[in-house]
Amino acid sequence: MIHLIRNAIHEGLLNIRRKLGSFLITLLMVSLSFMVFDIFLIISWNLGTALKDEQENVGIEVFLSDNITEVQAVILADIVSGMEGVRSVYYVSPEEAEAVFRADLPEQADLLTLLGPQFHLPPSIQISLHPDYRTSEKVGALARTVSGMDGVEDIVYGKEYLPGLTRAVDILEKLVILAGLVLAVSLSLVVANTVRLAVARRALTVQIMSIVGAPGWFVKVPFLGEGLLTGVAGAAGSLLLTLAVSWMLSSSLPHDFLPGRWIMLVLILGASSGAAGSWIGMKSGIPKPRS
Amino acid sequence: MMITFGNVSRFYNNWPALESINLQVQPGEFLVVSGPSGAGKTTLFRHIWMGDLPSTGTVEVAGYRSDRIRKSDLPFLRRKLGIVFQDFRLLPERTVFDNVALPLQVAGTSPKAIRRRVFALLAEMELNHRRGSFPHELSGGEQQRVAIARAMVAHPVILLADEPTGNLDPEVSRMVIDLLIEINRSGTAVILATHDPRQVPAGTARFLYLERGRLVNPGVWDGYKQL
Ligand SMILES: Nc1ncnc2c1ncn2[C@@H]1O[C@H](COP(=O)(O)OP(=O)(O)O)[C@@H](O)[C@H]1O
Ligand SMILES: [Mg+2]
């Protein structure tokens, strides 16, 4: 049995070696089409992490009217902190706001001095949200409620930025799935076709092997192996090419490469479409032995 | 009984390539099947190695019955048979050695045992000096001897030779027929399909005549009287 398995693998490798040139061209084509998918994945991954970072920071900044007293402000903060979705509330007094301003923007600090001692920054309440409430609809709803309260002057939250990013990531994820499907189908068809050609080219070998008593699997393994190898090696090649491109672009366009489990996903996609392709190719290709 | 055809018919598009064939072959027999082209000789052979199954009736070969055989049994049936064709059907990208070794390689024989058997057989058939050659480098007669070596390498109980001399000139044909007779003498049943049964000396074989898918009453045929 062990000799039989070894012979089957040997036969498959011989097949590939006999047409190494066209095999390498097929590999290159598979790698290049996979590369498009890899790049999609990288963009999706990076935008996804950016969105997640952004969502971590999502909060609501509530500016209060100037004439509100500190006691009123603290009562207001207390009410807000009891609202659904609110994780914590922090009151920023005019003095603290000014200190933060001077610390964050030292170049503009003169501006405050210029405006004179009568001017001061408005007090505000910083609301941080529970993770579940960090979607644009829920943030918007909460912001509307708070903006209707007495003593609230203005409200700022990421309403411009966030929905756009969320939608972009959403669309991109769908595109990635679509691209993956298209890739899997087209790779299967490419492999099915090369396997069908390989079977046709080796029709005599297939027939003679079957006539001299080779088990069915022995005849099929070389073709199945060829398809599997095309898929896995093509996917691996695409990852290497993409890594090279990613590395070249890393200084001008900072980004992360794919995480390990996404790399596995790409390899598995290659392997399964390759195997499916050779199965389809063999099903339509292997002739019954005739004489 | 080694081979039994029980009232076998095979239809292709309602046209009978074989019709009501009853035939028995004993172990070690030499059977010559002749008849014009299109008579059904190749179809008969194909039923023996079960590359095709009868439309009606049953074929039994070396204990395998056509109405019960499973796909997974076919390799084991075929390892008991050796098959030789008119057009040799050697694999062009393999050397003589690897062509002859093929039936052993696909049966999982160890490389050492393969080498021992193939070398011995090639020596016996005076093909040893050709073991590294490729089929296209050989003459027709040499190719057919390599094909016979491939058919015999796994010690089959039946050798099927389907017009093995059809592509060879008379002198080489005689050598091939002599080789088949020799193989039969050493105990293997041989079934030979041929246009020209006179190639085989009377008395060495049983002769059958096939015409339009039927085994013809031997008396009608003006061939060998022993029919
Ligand atoms: N697979 C097939 N499909 C249709 N017709 C076939 C097939 N195989 C053989 N035949 C027909 O059966 C008849 C016998 O063919 P064959 O057995 O090859 O004859 P022979 O070997 O005696 O020359 C021929 O008429 C041939 O056309
Ligand atoms: Mg024929």
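Just so you know, these numbers use all the heavy atoms, side chains as well, and skip hydrogens, waters and symmetry mates. A, B, ... follow the sequence lines: proteins, then strands. Residue 1 opens every chain. Everything numeric here is computed off the predicted structure, so don't read it as measured data.
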Q: Please step through side-chain contact (heavy atoms from CB on, under 4.5 Å) for the pair B/T109 and A/H3, ending with a clear verdict.
A: CA-CA 7 Å; B/T109 309; A/H3 298 302; over 6 Å; no
Q.
Give me the atom names and distance for the closest heavy-atom approach of B/P92 to A/L204.
A. CD-CD2, 4.1 Å
Q. CD of B/E137: more than 12 outside heavy atoms within 6.0 angstrom?
A. yes
Q.
With a 4.5 angstrom heavy-atom cut-off, is it the side chain or the backbone of B/S72 that approaches chain A, or both, or neither?
A. neither
Q: Decide if atom CE of B/M1 counts as having more than 12 heavy atoms of other residues, nucleotides or ligands within a radius under 6.0 Å.
A: yes
Q | Taking every non-hydrogen atom, the tightest pair across B/P75 and A/G213 | A | CB-O, 3.4 Å
Q | Contacting region of B/L74 [heavy-atom separation from chain A under 4.5 Å] | A | neither
Q. So, for A/R6 and B/P111, which heavy atoms are closest and what is the spacing to 0.1 Å?
A. NH2-CG, 3.5 Å
Q: Could you grab the distance from atom CG of B/L102 to atom CD of A/E11, nearest 0.5 Å is fine?
A: 8.0 Å
**Q.** Heavy atoms of other groups near A/W279 CH2, more than 12 under 6.0 Å
**A.** no
Q. Does atom CZ of B/F76 have more than 12 heavy-atom neighbours from other groups under 6.0 Å away?
A. no
Q: Answer yes or no: does atom CD1 of A/I2 have more than 12 heavy-atom neighbours from other residues, nucleotides or ligands under 6.0 Å?
A: no
Q: Return yes when atom CH2 of B/W15 has more than 12 non-hydrogen atoms of other residues, nucleotides or ligands closer than 6.0 Å, and no otherwise.
A: yes
Q) Roughly how far, to the nearest 0.5 Å, is CE of A/M209 from CD of B/Q105? A) 7.5 Å
Q. For B/L90, is it the side chain, the backbone, both, or neither that has a heavy atom closer than 4.5 Å to a heavy atom of chain A?
A. backbone
Q | Neighbour count >12 (heavy atoms, 6.0 Å) for atom CZ, B/R212 | A | no
Q) How many angstroms lie between CD in B/E93 and CZ in A/R202, if you round to the nearest 0.5 Å? A) 5.0 Å
Q | Interchain contact, B/P156 with chain A, by part (heavy-atom threshold 4.5 Å) | A | neither
(Q) Please give me the minimum heavy-atom distance between A/P215 and B/R79, naming the atom from each residue. (A) CD-NH2, 3.6 Å
Q.
Could you check whether atom NE2 of A/H130 has more than 12 heavy atoms from other residues, nucleotides or ligands sitting under 6.0 Å from it?
A. yes
Q) If you round to the nearest 0.5 Å, how far is CZ of B/R150 from CD1 of A/I211? A) 8.5 Å
